[in-house]
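Following: one structure in structure tokens, then a few remarks.
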Amino acid sequence: MIEGYGKGGEKIHSVKLAVVQYGILAMMLALSAQLWRLQILGAENFRQLAEQNRIRKEPIMAARGKLFDRDGRLLVDNYPSVSCFLVREQAKNVDADLPLIAEGMHLDLDTLRATLFHYRNSPQYQPIPIKQDITADEQAFVEAHRNELPELETIGEDRRLYPRDGFASHLIGYVGEVSEEDLNNPRFQWYEPGDVVGKAGIEETYDQLLRGEDGSRDVVVDSHGREVGYLRTQHAKAGQDLKLTVDIDIQRAAELALGENNGAVIAMDPRNGEILALVSHPSFDPNAFSVRIGRTEWNQLITNPNHPLMNKAIQDQLAPGSTFKIIMSAAGMQEGVAQDMHVMCSGGGTFYGRFFKCDKHHGNLDIHQAIPLSCDTFFYALAQRLGIDTIARYATSFGLSQKTGIDLPGEMSGLMPSTQWEMKTYHQKYYAGNTISVGIGQGETQATPLQLLRALSGLASKGHFVRPHLVDTNQLPQDWRQAITDTFPGSGDKQVPLNDDSWMTITEGMAAATTTGTAAAAHLEGIDFAGKTGTAQVTGAGDTHVKGGSKTPNAWFVGMVPRRNPEFAIVVLQEHGDWGSNSALVAAKVVSAYVTKQRRKENNLVPQPKPQQPSQNNGDGDDSGKNAPADKPVEMGAVWSTPVAGKHGRPATETLHSGRYLVKPDPQPVTSLATALPHVPAWLHFWQPIRFREEQP
């Protein structure tokens with residue numbers, strides 16, 4: 001065909017030919033520009049995309065800081081664990097794989113879908129935790145299905161290991177996954193879904209110190225998502241270890257002494273506020289929260305009428321009963337009223353036209369007799385003379401109706417009535433007759449165990465009141481020390497003037513209470529043990545005393561060693577525990593354990609005496625236990641179990657234990673605190689079996 005002519009010899013118009021030529025040229029230019037944009041201008045962007053297809057960033061979880069007791073013994077540890085994550089970048093259709101994933105990982109399909117829905121708004125590159133602490137067969141499932149399920153990845157991490165049987169659970173707390181509600185809180189602004197945070201106790205208060213900083217690792221993968229190498233690793237920074245003020249031996253003694261009774265025990269050094277033991281019963285197992293607690297178990301905890309998640313040591317607000325009489329005595333002495341008072345007790349007295357009952361006929365007595373005998377009639381009369389506002393002023397100055405400032409979340413402030421409180425709350429004048437009930441720690445008065453411990457031990461320390469704490473602030477950064485004070489405001493450290501006459505009268509009265517008074521059954525020979533019982537009526541209470549019944553009074557005791565300027569103070573609350581002397585017996589066991597340990601430290605090994613025969617009056621009118629056998633072996637606080645044999649009174653089978661090292665197991669079964677403390681270490685009683693090791697030192 002001749003150039004310029006079309007089919008059939010028809011000549012092609014030159015304009016049409018030019019249009020076609022220029023169109024082809026434009027297309028070539030457009031293609032060239034696109035190639036320039038992709039290969040030159042977008043080279044870096046596509047290189048990064050390709051790199052992301054080849055490199056996957058895996059998180060390296062930071063180990064949480066460990067917790068130790070005051071002697072450096074490990075209390076809370078970590079153990080190696082493997083968790084399974086779903087990486088959405090590795091699969092085009094994750095939903096189609098969910099049934100197989102649920103079957104292989106032993107998950108409920110609906111629960112798995114709910115987990116993915118929970119993370120729907122998170123970045124695609126963020127791994128989704130679908131199961132924590134997976135088993136060996138589940139790890140094998142992931143490895144065996146690398147080709148079919150490239151979106152599944154396993155990551156090793158350290159998981160929390162707590163003492164078993166709920167040992168010290170309320171002071172330690174627990175950890176759990178951060179919730180959506182938490183993420184809306186400014187405190188959790190740096191956290192992401194899936195992060196593990198402290199939820200209660202020390203774990204919550206010091207979470208930012210304990211949690212550390214997570215790292216990451218760049219992993220090279222092939223087209224199937226299989227790992228073929230590593231590029232860069234940013235190592236995780238472990239959280240800070242913390243040494244608590246708690247003594248494992250005293251903590252164990254307190255838990256064994258309280259037993260299955262609902263209530264609380266707190267032991268403290270009144271000189272500096274260090275908490276040596278803190279028990280709340282019933283307790284819970286914090287290990288159940290370390291992975292993810294089941295819905296059934298959670299519902300059982302929150303619906304339990306005994307409130308196992310409640311820290312009764314700092315949250316139980318109850319009438320203090322006769323323990324409040326020490327505060328009344330201090331107020332009366334400081335006001336110059338109580339010194340010269342003599343009251344005739346004939347089983348009660350009439351005040352404001354109403355008869356108020358006393359459990360005994362004490363006869364004519366003064367304050368020196370009224371404190372150890374816990375005479376209600378005397379303190380009715382003292383309350384009438386002081387008036388509610390004077391009582392409230394002193395009680396508040398001693399720390400009631402305000403938080404102590406302990407470094408634990410959720411502390412309650414209690415209640416101290418006054419005329420101002422009555423008007424603010426009920427918009428009416430205060431009824432003077434209510435003052436009579438307040439005088440013996442009843443009525444609207446409410447206090448927590450920790451408040452009473454701090455108040456009475458502060459009075460025994462001649463007005464020196466301290467802020468209770470569980471972590472020594474010397475190991476904290478400077479900014480943290482101030483942050484703790486700001487976060488947990490309270491009455492803190494302070495000195496309240498107390499004259500010598502008041503101090504001597506109060507401390508002598510509390511010492512007499514444990515020898516001839518209401519706590520005589522708890523007397524410890526050779527130990528300067530003082531204290532005050534309290535039997536607090538509950539709403540709807542009757543005249544009968546049936547321990548554990550819903551209408552049975554609450555049993556209180558606050559004690560200290562020695563009686564003046566004490567180095568050890570303890571409070572015991574038994575809910576519906578009947579007479580206060582019952583709690584005094586619990587306290588005596590813990591005091592005996594403390595004194596025994598101190599004597600061992602000083603190498604002053606003296607045998608503990610047998611318990612004294614209970615007096616006819618077992619405390620606040622209680623006559624129970626007066627026929628207890630005199631030859632019963634010492635069970636609480638003894639250095640060694642009976643019978644005693646061997647050198648220096650030691651049994652021939654004695655073995656030494658220290659920390660993780662076990663020299664020789666004791667052939668005798670652990671049946672009481674005598675063999676459990678300190679003869680057999682706490683490791684054998686409350687530590688997780690999977691972490692216990694036998695080693696020769």
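Computed from a predicted structure; not experimentally measured. Because only heavy atoms are used, hydrogens play no part in the values below, and waters and symmetry mates are left out as well, while side chains stay in.
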Looking at [X] and [Y], does any basic side-chain N land under 4.0 Å from a carboxylate oxygen?
X    : Y    : value
D247 : R73  : yes
K66  : D241 : no
R64  : D207 : yes
D249 : R600 : no

Hey, could you give me the [atom1]/[atom2] distance between [X] and [Y], rounded to the nearest 0.5 Å?
X    : Y    : atom1 : atom2 : result
E525 : S592 : CD    : OG    : 12.5 Å
I275 : I266 : CD1   : CD1   : 6.0 Å
L498 : H464 : CG    : NE2   : 13.5 Å
L301 : D285 : CG    : CG    : 9.5 Å
N582 : N261 : CG    : CG    : 8.5 Å
T552 : E575 : OG1   : CD    : 12.0 Å

**Q.** Worked verdict on V590 versus F568 for side chain to side chain contact (heavy atoms under 4.5 Å, CB included)
**A.** CA-CA 10 Å; V590 183; F568 182 86; 4.1 Å; yes
Would you say the side-chain atoms of [X] pair up with the backbone N or O of [Y], donor to acceptor, closer than 3.5 Å?
X    : Y    : value
T487 : A483 : yes
E567 : R271 : no
H469 : D407 : no
E213 : A62  : no
N78  : D158 : no
H307 : P305 : yes
E411 : T404 : yes
R481 : T473 : yes
T514 : A511 : yes
Q402 : T396 : yes

Show the nearest heavy-atom pair for residues [X] and [Y], with the distance to one decimal.
X    : Y    : result
P409 : I314 : O-CD1, 3.7 Å
F488 : L408 : CE2-O, 3.3 Å
P566 : M560 : CB-CB, 3.6 Å
V558 : T323 : CG2-CG2, 4.2 Å
R159 : S83  : NH2-OG, 2.9 Å
N304 : N306 : OD1-N, 2.8 Å

Q | Pair L476-L242, side chain to side chain contact (heavy atoms under 4.5 Å, CB included): steps then yes or no | A | CA-CA 9 Å; L476 301 178; L242 290 178; 4.2 Å; yes
Less than 4.5 Å apart, any side-chain heavy atom of [X] and any of [Y]?
X    : Y    : result
R160 : E203 : yes
F465 : L459 : yes
W556 : P449 : yes
H576 : V538 : yes
Y594 : I527 : no
I326 : I506 : yes
W579 : T518 : no
L74  : F68  : yes

Q. What's the verdict on side chain to side chain contact (heavy atoms under 4.5 Å, CB included) for E260 and H281, showing C-alpha distance, side-chain angles and the deciding distance?
A. CA-CA 7 Å; E260 295 302 314; H281 191 269; 3.5 Å; yes
Q) Given P320, which of T445, L456, T448 fulfils the side-chain contact (heavy atoms from CB on, under 4.5 Å) condition? A)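 Result: among T445, L456, T448, T445 is the only option passing the side-chain contact (heavy atoms from CB on, under 4.5 Å) with P320.
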Q: Applying side chain to side chain donor-acceptor pair (under 3.5 Å) between S491 and each of K403, R467, R454, report the one that passes.
A: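 With S491 as partner, K403, R467, R454 yield a single side chain to side chain donor-acceptor pair (under 3.5 Å), made by R454.
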Q: Take the angle between the ring planes of H170 and F284 and call it parallel below 30°, perpendicular above 60°, tilted in between.
A: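 Perpendicular.
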(Q) Do Q482 and Q478 pair up side chain to side chain, a donor and an acceptor below 3.5 Å, judged on atom types alone? (A)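 No donor-acceptor contact under 3.5 Å links the two side chains.
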Q | K494 atom NZ: more than 12 heavy-atom contacts under 6.0 Å | A |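 Above 12, so yes.
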Q.
Between D133 and S81, does the side-chain hydrogen bond (donor to acceptor under 3.5 Å, both in side chains) criterion hold? Intermediate values first, please.
A. CA-CA 5 Å; D133 206 18; S81 172; 2.8 Å; yes
Q | Stepwise side chain to side chain contact (heavy atoms under 4.5 Å, CB included) check, L400 with F324 | A | CA-CA 10 Å; L400 268 64; F324 189 77; 3.7 Å; yes
